[in-house]
Enquirer: 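First the structure, which I've put down as structure tokens, then a few questions once you've had a look.
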Amino acid sequence: MSSSVKLLDPAFQGAGQKPGIEIWRIENFQAVPLPKSNYGEFYMGDSYIVLQTTPGKGGSNLYDIHFWIGKDTSQDEALTAAIKTVELDAVLGGRAVQHRELQGHESDKFLSYFKPCIIPLEGGIASGFKKPEEEEYEARLYVCRGKRVVKLKQVPFARSSLNHDDVFILDTRNKIYQFNGVNSNIQERAKALEVVQFLKEKYHDGTCSVAIVEDGELYTRSNSGEFWVLLGGFAPLNKKTTGEDDVIPETTPTKLYSITDGEMKPVEGELSKGLLGNNKCYLLDCGAEVFVWVGRVTQVEVRKAASRVAEDFVTGENRAKTARITRVIQGYENNSFKSKFDSWPEGSTAPGGEEVKGKGKGKVAAFLKQQGVGAKGTIKSVQVVEEVPALLEDGGKMEVWYINDGAKLPLPEADFGKFYSGDCYIVLYSYHSGERKEDYFLCCWIGKDSIEEDQKTAYQLATKISNSYKGRPVQGRVFEGKEPPQFITLFQPMVVLKGGLSAGYKKSIADKGLTDETNKADRVALFRISGTSTHNNKVLQVDAVATSLNSAECFLLKSGSSIYLWHGNQSTRKQEQLAAKVAAFLEPGVALKRAREGKESNTFWLALGGKKSYTSEIESSETIRDPHLFTFSLNKKGKFEVEEVYNFSQDDLLTEDILILDTRAEVFVWVGQCVNVKEKENVFKIGQEYIDRASSLDGLSPKVPLYKVTEGNEPCFFTTFFSWDPNRATVYGNSYQKKLALLFGPSQVAELESMLPKLEKTTGNQGAPTQRASALAALTSAFNKSPSKSPPPEKTTANQGGPTQRASALAALTNAFKSATRKSSTLERSPSNQSGSTQRAAALAALAASFNPSAETKTSAPKPVRSNPGGSQRAAAIAALSAVLTAEKKKQSPDVSPSISTSGTPAVTSPPTADADSSEVNPSEADDSVGVAKTNKEDLSEANPSGADDSQEVAKTNKED
């Protein structure tokens, strides 16, 4: 064992002692700590080790070790990183989750440590590199992908790198440009803005300018013009191509293999936790990710062999450059691993559990202590005292109803706080939160003995109340015994009684032949007082027998006209005071008789049926909150799946999404403003799907409180899990518009939004933006490139009008496009509204005239030669533009209403559409179109005999597009 110690790198001394990130770079086959100022910078020729330390349950720490392999790093350095990762794991007690990260295919968890992105840099320690400040600033072009974690990839500095589907960032010395492909996702656009701001602060000291360039924008705009000049001019963009780094491994059916003597053998049977033996290693193949599960009592050599088998496996499957390899230790499996199983019964999974506290762990701690190595996390768990949670503001208005015979009946105010186990209740609390308008907390309380019919009625009626307030209330579902602090605090005190008032409940127990235990004046009743603070002081009626007592608590005993306060020897003064308050609430005006443990009267014991033994153990009902944020989806088989958003922040709450926040004490389903209406209706179904899944995999209570929270109405007990900025929550629009407003200020948003391409709402119209972009590119190229083989025209007055005509054509075209996409609440068919069609026809005519000068000009100007490429190019421009405007005319819609698009495009309004009926078409427009087409035909035949073929080809391309 002493020989093994010598291999532990002193660079890891004291690692993992504090929560956060620590990074080492492999230099000359040694791990060297990286300065914090360089965190987030990764050289492609190097390998790195990244340790993330996270506070766990019970005071222990959890560890994730990632070794990052640059695409240009040597095999020796990559191997050294893997070996050093094992050494670091040994220092941490041998229970870290290990991840192999490949450049370009990093896991979301790894990328979440370096928001908004990591910056891959050329070079490395072996080949030598210069610091950015030492070299002349070089313009770089990046493609930016990802809506929560960003994968920033440098691409060749050329126009050919651009496409219509992605977002690009051009970083120059004095200005940073963001180019939004016309089909790019608005959430990726929003995230790219964060990267732009990050680059501005990191490499430009926050002083450079920022410009937004929209795909399809006329290059005559200043920012757009500068952008295209830097890339060699405005021209049609290529279709998106898939490179090696863009390949996303498919998720294949999960397969489990056992690893014995370096050999893999398939494990047959239903995938379950019971298949995993603690004296073996296993490989779980999930396609994009491969897990190595290590049994708790396996030997070191067996673990090393398992890691080698995993490396050989992904190489043999041609996934060496894409698949991630993650190693987990028995008892410390992460959620990603456990989610691959249909169920994961509780046992050795919780940190600090019995199975991971055994002799093996003690030996590791003793060994490390002997060698002077810190073993943080191997110590015994320490009980953590829960802080007082965020509570609702007091002084609000309360309304309470109980469910009976399919209706809600108001509860008298004097009974607020009394809940019967056989009933269901609806609670509405209205209050003011700071400077915000009135907020609402709407909750259903479900008694453990209530009937299903009353439960459904409570949910339905609560939803109706929520809808009457336009969905603003925080709507919750709370089960008896799982009441959250914010609910208990509303009632001082809160008392849960046996029995029920509902007719449905009484019929149910009668049908079952059970005794109605509803509290009555002539019955003996025993109440347990639990908790000492406003957020946990709940009172519960228990069986009126001596065995229900507990030396650590206070109890109230009601017998006839008497009420006794019994306080155990281990109870506190606060508990006694609360018990007295409850007695006054239950039996106002009745004198309280006190009975201290050990000095009870015979009458007291007689009421309880005689003296019997009881417990003195202190029960802890406090839940340690451990918040995790998730997105969800349904796989091909319709199975509910979730994906964790690591190191989440308020920025991850995207307005187009529904997200799930699980704190272990409650589950929130957060609904963005731009979510589809049908999805909003299924919020509680989504929440229940998550709870069912988390109950089977992670031991979450099936009765955990469930809340629906809508964007802009987040309560304090939700925002407390974020570094919450209330100003962000009040910004309206889609994700991109919100980010524009936050980064550039509201005053500049209107100007920036005016440059956004206006996309039609329907799927059928989504090709229009790309078509327009191509047409504009073709048009601009035609105007800017003069015929290479044509002799210069004579200087005539007629010919001098060419540039002016072209400028007029561009202006007319711009107005036509603006008119076609202008937002409007409603457009009716009327002569005034048909001006748009005429305007487009005029634009075509102006364009044709600019290409086809007057007859006088033609006689004085030299005839173009047959091989003139300019004529062909102009013909192509006319054909492409004609196709765009013709298609646009066919897709107009008469009814328009502003809406927010959630399909990855800015909020838009659809242009009007004309019916197919020819009688609806403006006759003047038809005449204009015919005239333009005729002019175009004459021009093409004279300017370039091959122009017709070119225009046909362009028309064919446009049709396909």
Side-chain angles (χ1 to χ4, degrees), residues 398 400-404 409 411-427 429 441 443-451 454-455 458 476-502 504-506 508-509 514-521 523-545 547-550 552-558 563 565-566 575 578-588 619-623 665-666 701-706:
M398 176 96 73
V400 183
W401 301 268
Y402 72 97
I403 304 301
N404 193 17
L409 303 178
L411 199 68
E413 187 172 348
D415 290 335
F416 284 4
K418 294 180 182 179
F419 295 86
Y420 286 90
S421 293
D423 292 339
C424 295
Y425 297 79
I426 299 175
V427 177
Y429 182 67
F441 176 74
C443 200
C444 292
W445 185 88
I446 309 299
K448 65 181 179 64
D449 298 324
S450 61
I451 63 174
D454 284 353
Q455 295 176 14
R477 182 200 68 189
V478 172
F479 287 100
E480 177 186 341
K482 291 293 181 180
E483 295 85 359
Q486 55 272 9
F487 185 87
I488 295 175
T489 307
L490 296 178
F491 307 96
Q492 295 299 316
M494 176 184 175
V495 181
V496 180
L497 304 167
K498 288 178 176 287
L501 305 177
S502 162
Y505 164 75
K506 294 186 178 300
S508 173
I509 61 171
L514 301 176
T515 302
D516 186 357
E517 296 184 299
T518 303
N519 188 38
K520 294 181 181 179
R523 286 189 175 176
V524 176
L526 184 65
F527 301 91
R528 187 181 71 194
I529 314 298
S530 62
T532 57
S533 303
T534 57
H535 68 278
N536 63 11
N537 55 4
K538 188 174 64 173
V539 180
L540 179 66
Q541 184 179 355
V542 296
D543 293 337
V545 293
T547 54
S548 296
L549 298 175
N550 189 318
E553 295 177 322
C554 291
F555 288 79
L556 290 174
L557 175 62
K558 185 175 78 70
I563 185 165
L565 193 167
W566 182 91
Q575 287 175 313
L578 176 60
K581 182 178 178 181
V582 174
F585 175 65
L586 293 174
E587 300 291 335
E619 295 183 10
S620 176
S621 59
E622 298 289 357
T623 302
E666 59 264 305
S701 170
K703 302 296 184 182
V704 66
L706 175 62

Enquirer: Walk me through it: do Leu540 and Glu480 pass the test side chain to side chain contact (heavy atoms under 4.5 Å, CB included)?
Expert: CA-CA 10 Å; Leu540 179 66; Glu480 177 186 341; 4.3 Å; yes
Enquirer: As a test of understanding, state which of Asp449, Thr518, Val495 forms a side chain to side chain contact (heavy atoms under 4.5 Å, CB included) with Tyr420.
Expert: Thr518
Enquirer: Could you grab the distance from atom CZ of Arg477 to atom NZ of Lys703, nearest 0.5 Å is fine?
Expert: 8.0 Å
Enquirer: Where do Lys558 and Lys520 come nearest, in terms of heavy atoms and distance?
Expert: NZ-O, 3.4 Å
Enquirer: If every non-hydrogen atom of Ser502 is compared with every non-hydrogen atom of Asp454, which pair is closest and at what distance?
Expert: OG-OD2, 2.6 Å
Enquirer: On a heavy-atom basis, which atom in Ile488 and which in Met494 lie closest, and how many Å separate them?
Expert: CG1-SD, 4.0 Å
Enquirer: Between Lys581 and Gln492, is a side chain to side chain contact (heavy atoms under 4.5 Å, CB included) present by the stated rule, with each step listed?
Expert: CA-CA 9 Å; Lys581 182 178 178 181; Gln492 295 299 316; 3.8 Å; yes
Enquirer: Would you check if Met398 and Val427 make a side-chain contact, meaning some heavy-atom pair closer than 4.5 Å?
Expert: yes
Enquirer: Donor-acceptor pair, Ser421 side chain versus Gly447 backbone, under 3.5 Å?
Expert: no
Enquirer: Does NZ or CZ of Lys418 lie under 6.0 Å from the centre of the six-membered ring of Phe585, at an angle within 45° of the ring axis?
Expert: yes
Enquirer: Side chains of Tyr505 and Asp516: does their closest heavy-atom pair fall under 4.5 Å?
Expert: yes
Enquirer: Say whether, by atom type as modelled, one donor and one acceptor occur between the side chain of Asp543 and the main chain of Val545 under 3.5 angstrom.
Expert: no
Enquirer: Taking Gln541 for the side chain and Lys498 for the main chain, is one N or O donor matched with an acceptor at less than 3.5 Å?
Expert: yes
Enquirer: Atom CD of Gln455 and atom SG of Cys424: how far apart are they, to the nearest 0.5 Å?
Expert: 5.0 Å
Enquirer: Which heavy atom of Lys482 sits nearest a heavy atom of Ser701, and at what distance?
Expert: CE-OG, 3.4 Å
Enquirer: Could you walk me through whether Asn550 and Arg528 pass side chain to side chain contact (heavy atoms under 4.5 Å, CB included), step by step?
Expert: CA-CA 9 Å; Asn550 189 318; Arg528 187 181 71 194; 5.8 Å; no
Enquirer: Just so I know, are the side chains of Leu565 and Leu556 near enough to count as touching, which here means a heavy-atom distance under 4.5 Å?
Expert: yes
Enquirer: Between Gln575 (side chain) and Cys554 (backbone), is there a donor-acceptor pair under 3.5 Å?
Expert: no
Enquirer: Would you mind telling me which of Phe479, Tyr425, Tyr402 makes a ring-ring contact (aromatic ring centres under 6.0 Å, His included) with Phe419?
Expert: Tyr425
Enquirer: What distance do Leu578 atom CG and Asn537 atom CG have between them, rounded to the nearest 0.5 Å?
Expert: 5.0 Å
Enquirer: If you take all heavy atoms of Ile426 and Ile403, which pair is closest and at what distance?
Expert: CD1-CD1, 4.0 Å
Enquirer: Taking side chain as C-beta onward, heavy atoms only, is Ile563 less than 4.5 Å from Phe527?
Expert: no
Enquirer: Looking only at heavy atoms, which two atoms of Asp415 and Leu411 are closest? And how far apart?
Expert: O-CD2, 3.6 Å
Enquirer: Could you go through Asp423 and Ser450, starting from their C-alpha distance and side-chain angles, then the distance that decides it, and tell me whether this counts as side chain to side chain contact (heavy atoms under 4.5 Å, CB included)?
Expert: CA-CA 5 Å; Asp423 292 339; Ser450 61; 5.9 Å; no
